[in-house]
Each structure stands twice: as C-alpha cells, then as structure tokens.
2 protein chains.
Amino acid sequence: MSTNAKEAILAAARKTAQAHGYGGLSYRDLAAEVGIKAASIYHHFASKADLGAAVARRYWEDTAAELDAMLAEISDPVRCLHRYPDIFRRSLEDGNRLCLCSFMSAEYADLPEVVQREAQHFAEVNIAWLGKVLVLAGMAEPEGSEARARAIFAAVSGAQLYARSRSDVSQFDALIESYRTSGLLPA
Amino acid sequence: MSTNAKEAILAAARKTAQAHGYGGLSYRDLAAEVGIKAASIYHHFASKADLGAAVARRYWEDTAAELDAMLAEISDPVRCLHRYPDIFRRSLEDGNRLCLCSFMSAEYADLPEVVQREAQHFAEVNIAWLGKVLVLAGMAEPEGSEARARAIFAAVSGAQLYARSRSDVSQFDALIESYRTSGLLPA
DNA sequence: ATTTCCCTACCTATCGTTAGGCAGGGTGAA
DNA sequence: TTCACCCTGCCTAACGATAGGTAGGGAAAT
C-alpha cells in the first residue's frame, strides 16, 4: 500500500463521495479503508478541498477517456449515443451510487471553489462529447448541438437521480426508454 | 413567535434544506434563525429525523396544493404543462435553491427511513399530477401517461440540478426550451 | 394544578486539522 | 567506506469547533 496509497485514497474517496457526497468524506473513514491513519492523508493532500478537487478531476479525466475510447471502438455515432446512458447506469448498479458531478451539484453551495470547478468540468466534458457525436450522427447542426447535448446530459442526470431515490435501476432504464420515445434521445 | 414557533422552524428548515440538504440542517443555526434556543426545538420535534420528515411532508403538501390550484385556475391543460417548470424555476431564483426532493434523492443513502418516504412522495405527487394533465391535454394515453410523466419530472429535476451548478437560471430556461424542441415537453 | 413553551448547562461523538516524532532510503562529503 | 543530512511515508496525540441529544428547571397560560 506504500507507493499506491495516494491512488488508494483517491479510489476510496471517489466511491464514498458518489454515495455520500463531498460532505460525507471523512478522513478517518477514508484512512481506515486504505489502511493508514487519518493524519497521514495530509502527506498526500494538503486539505480536504484539495482531496475533493483531485477526486473530481480524476473523475472527469476517467470519464473523458472512457467516452473517447467508446467513440474510437464503436465508430457508429448513433450506437455511441445509445450506449451513453450506460455510464450512469453503471454507477447505480455499483451500490446505487450517483454521478459525482450530480452529487456535487446538489452540494454546490457548500463546496470549496476548487472542487466546484472540477465538478463543473465533468459536465463540460460530457456535453462537448455529446455535441460532437450528435453532429457526427447527423442529429444536430453544429450551432444547436451544444444545447441539445446539455439537454441530454441534464435529463440523463435527472433519470439517475430519480432511480437512485427508488434504489431501482430498472426505473433508470424505463426513463431512458421514455426519452427515446419522446424524441430527446435517438430511438 | 410563541404559537408560530413550530411553523417558523418548518419554514426555516425547508429553506436551509433546499440549499444545504438534510445534512446541512443544524439545530443551533435553525434555532438562531427562529429566535429560540436549540434545545427548544425538541419540544416541537422529537428528533432530527422527525423534523426532516415533517419538512418533507409539508413540502409535498404545499406543492400538491399549488399544482391543484394551478389546474383549477388555468383550465387549459396544455398551458398547465407549459407552466409546470416554473415551480422548479422559482427555487433557483430564490437563492439558487434546489428542489428538496432532488437534494434528498442525492442524500438518499444517509436519510432516515421516515424522511426517505416523505421525499419519495413529492415525486409521486408530481408524477400523478403530470400524468393526469398529460391525459387531459390529449398528449398521452392513460396507460403510458405515468411513464411520460416520470420522464418529464426527472428531466426537469435534472435541468434544475444543472442550472444550480452554474448558478444561472437562464441555463434552466434554455434546457426547458430544448425539452420542448426535442418533443419531451409540448411546444 | 397541569400543561405549554422555552431556558441553561451539559453530554458524547465526530469533524478537519496540526504538532511533532520515528523509521528507512538516497545522496553527497570526508 | 562511513557519517551527516534530508526526504518520504507514516505514526501518536491532541486541538477547537460543531454535531444531535438529554436533564431538569422556570415562567406563563389554561
């Protein structure tokens, strides 16, 4: 655990934050999970704000890489759009967890600025990717693609939030299906 | 403040919870806002869980009354649907606050059961009303109206969450407009 | 006389954070 | 080769602040 302690902290903090938010992050619990003492975390992160920002940054970095990999693997943009909600679905399957960005959007008023910025960047990454893929799929003109991408991102976030409050992944699936029926997402 | 202390606590707690969540509710802060001492709150609410549940219950009761009043006043169901997002918009205008139910959905894992139930009921009230109005507007068959209502509720919640993370009500307006363009909401 | 409403004073638990130290490895000078 | 020095990574112990909650009493209203 020595050289990987920092990574272990980041991973544990991400999982906790997706279930209990930034406010739910506790140095003592986090340290216990990693196998060190609370004070030792300060060797890797200068403050809770720094830790939170690092977790959020890593979160959107990983998501950006995942989205790019998906587009590279599945060349068909329509199929990419079809698979997009799976990213949110996976969080629900993994212990009924929420998107970190959604949780931090709720906690927004109590977040240090550095954390706010990184959380916002997750949304920007998603919207930029969706906008690009929408144009590739011929489903939007370049001018209107970002607005449409934002709508999809917000709606999928809302679906995840609702499904979490029911502890029921099938509610998420049903909502995504409704989005397709109504025309927000490609059928 | 004597006879109205309970109501004053409920009102203050609601405002705080919409900005900082159930976890952000503090007996000391709440009492200071109302003009009494923290321990005195226990005369009105047996525990924080009880207070949270009472706040959430009052929240959906008020919303249910507001929705019914809207439908009674504006007989046209299509215009009702058009005005529905305004309820969420108003929270954002009032100090960038979130729907209590959305905040509690994020906090779901850390909520006492009584609070969970009341928070869920808010969604049920909204979905039932939307389903009814969708049928009245001829926009859905009775069988599929609830699924469509849920989709609208989740999407509008997501739009509010996104707009909050940007502290920008116009982002909410733009998202609602996108929902109309894409067909999720009536144009 | 009893209930209502609020008080002071205090409890225990947990929070992020700090001070200071200890063991081990790497490095440069003698 | 050996010794002094510093960095890394972690530790123990404690800090002040804040959390929800409790015990018991005072004063006013019924």
Side-chain angles (χ1 to χ4, degrees), chain A residues 1-17 19-56 103-104 106-116 118-119, chain B residues 1-17 19-56 103-104 106-116 118-119:
Chain A
M1 198 67 71
S2 56
T3 46
N4 311 42
K6 189 169 185 173
E7 290 300 319
I9 294 167
L10 279 174
R14 173 185 150 167
K15 282 229 162 196
T16 301
H20 310 284
Y22 174 79
L25 285 178
S26 151
Y27 270 57
R28 286 168 179 81
D29 292 351
L30 227 45
E33 208 167 333
V34 174
I36 59 176
K37 296 295 171 180
S40 305
I41 297 181
Y42 283 90
H43 182 71
H44 304 283
F45 303 97
S47 68
K48 185 175 178 180
D50 270 22
L51 170 60
V55 169
F103 217 136
M104 287 184 166
E107 293 179 298
Y108 181 79
D110 301 308
L111 251 37
E113 277 188 36
V114 269
V115 183
Q116 284 180 352
E118 299 297 337
Chain B
M1 198 66 73
S2 55
T3 45
N4 313 41
K6 189 169 184 173
E7 291 300 318
I9 294 166
L10 279 175
R14 173 186 149 167
K15 283 228 162 195
T16 301
H20 309 284
Y22 174 80
L25 286 177
S26 150
Y27 269 57
R28 285 167 179 81
D29 292 351
L30 227 45
E33 208 168 333
V34 174
I36 59 176
K37 297 295 171 179
S40 304
I41 297 182
Y42 284 91
H43 179 72
H44 305 283
F45 303 97
S47 67
K48 185 174 177 179
D50 271 20
L51 170 60
V55 169
F103 217 136
M104 288 183 164
E107 292 178 299
Y108 181 78
D110 300 308
L111 252 36
E113 277 187 36
V114 267
V115 183
Q116 285 180 353
E118 298 298 336

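All values below were derived from every heavy atom in this structure, side-chain atoms included, with hydrogens, water molecules and symmetry-related copies excluded. Fair warning: this is a prediction, and the values are worked out from it, not measured in the lab. Throughout, protein chains are lettered first and strands after them, A, B, ... in sequence-line order, and every chain is numbered starting at 1.
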How many Å lie between [atom1] on [X] and [atom2] on [N], as a whole number?
X: B:Lys37; N: D:dG21; atom1: NZ; atom2: C1'; answer: 17 Å
X: A:Ile36; N: D:dT12; atom1: CD1; atom2: P; answer: 12 Å
X: B:Leu30; N: D:dG21; atom1: CG; atom2: P; answer: 13 Å
X: B:Phe45; N: D:dG20; atom1: CZ; atom2: P; answer: 14 Å
X: A:Ile41; N: C:dT18; atom1: CD1; atom2: P; answer: 14 Å

| First encountered from the 5' end of DNA chain D, between A:His43 and A:Ala39 |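 The answer here is A:His43.
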| Lys NZ or Arg CZ of B:Lys6 over B:Phe45 ring: under 6.0 Å, within 45° |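 The answer is yes, since B:Lys6 meets both limits relative to B:Phe45.
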Just by distance, do the side chain of [X] and the backbone of [Y] share a donor-acceptor pair under 3.5 Å?
X: B:Ser40; Y: B:Ile36; answer: no
X: B:Glu107; Y: B:Gly23; answer: yes
X: B:Lys48; Y: B:Tyr22; answer: yes
X: B:Gln116; Y: B:Tyr108; answer: yes

| task | Look at A:Ser40 and D:dG9 and indicate whether a side-chain polar atom (N or O) is within less than 4.0 Å of OP1 or OP2. | result | no
| request: May I ask you to test the A:Leu25-A:His20 pair for a side-chain heavy-atom distance under 4.5 Å? | output: no
| task | Taking the side chain as every heavy atom from C-beta outward, state whether A:His44 and A:Ile9 have any atom pair closer than 4.5 Å. | result | yes
Quick test: give all pairs of protein nitrogen or oxygen and nucleotides 15-19 of chain D nitrogen or oxygen below 3.5 Å, distance rounded to 0.1 Å.
{"residue": "D:dA19", "atom": "OP1", "partner": "B:Ser26", "partner atom": "OG", "Å": "3.1"}

| request: With rounding to the nearest 0.5 Å, note down the distance linking NZ in A:Lys15 to CG in A:Leu30. | output: 13.5 Å
Distances under 3.5 Å only, N/O to N/O: pair up the protein atoms with those of nucleotides 21-26 of chain C.
none

| request: For the side chain of A:Tyr42, starting at C-beta, report the closest nucleotide among C:dG16, C:dC6, D:dG20. | output: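 The closest nucleotide is C:dG16.
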| query | Shortest non-hydrogen contact from B:Ala12 to B:Val34? | reply |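 Closest heavy-atom pair between B:Ala12 and B:Val34: CB-CG2, 4.3 Å.
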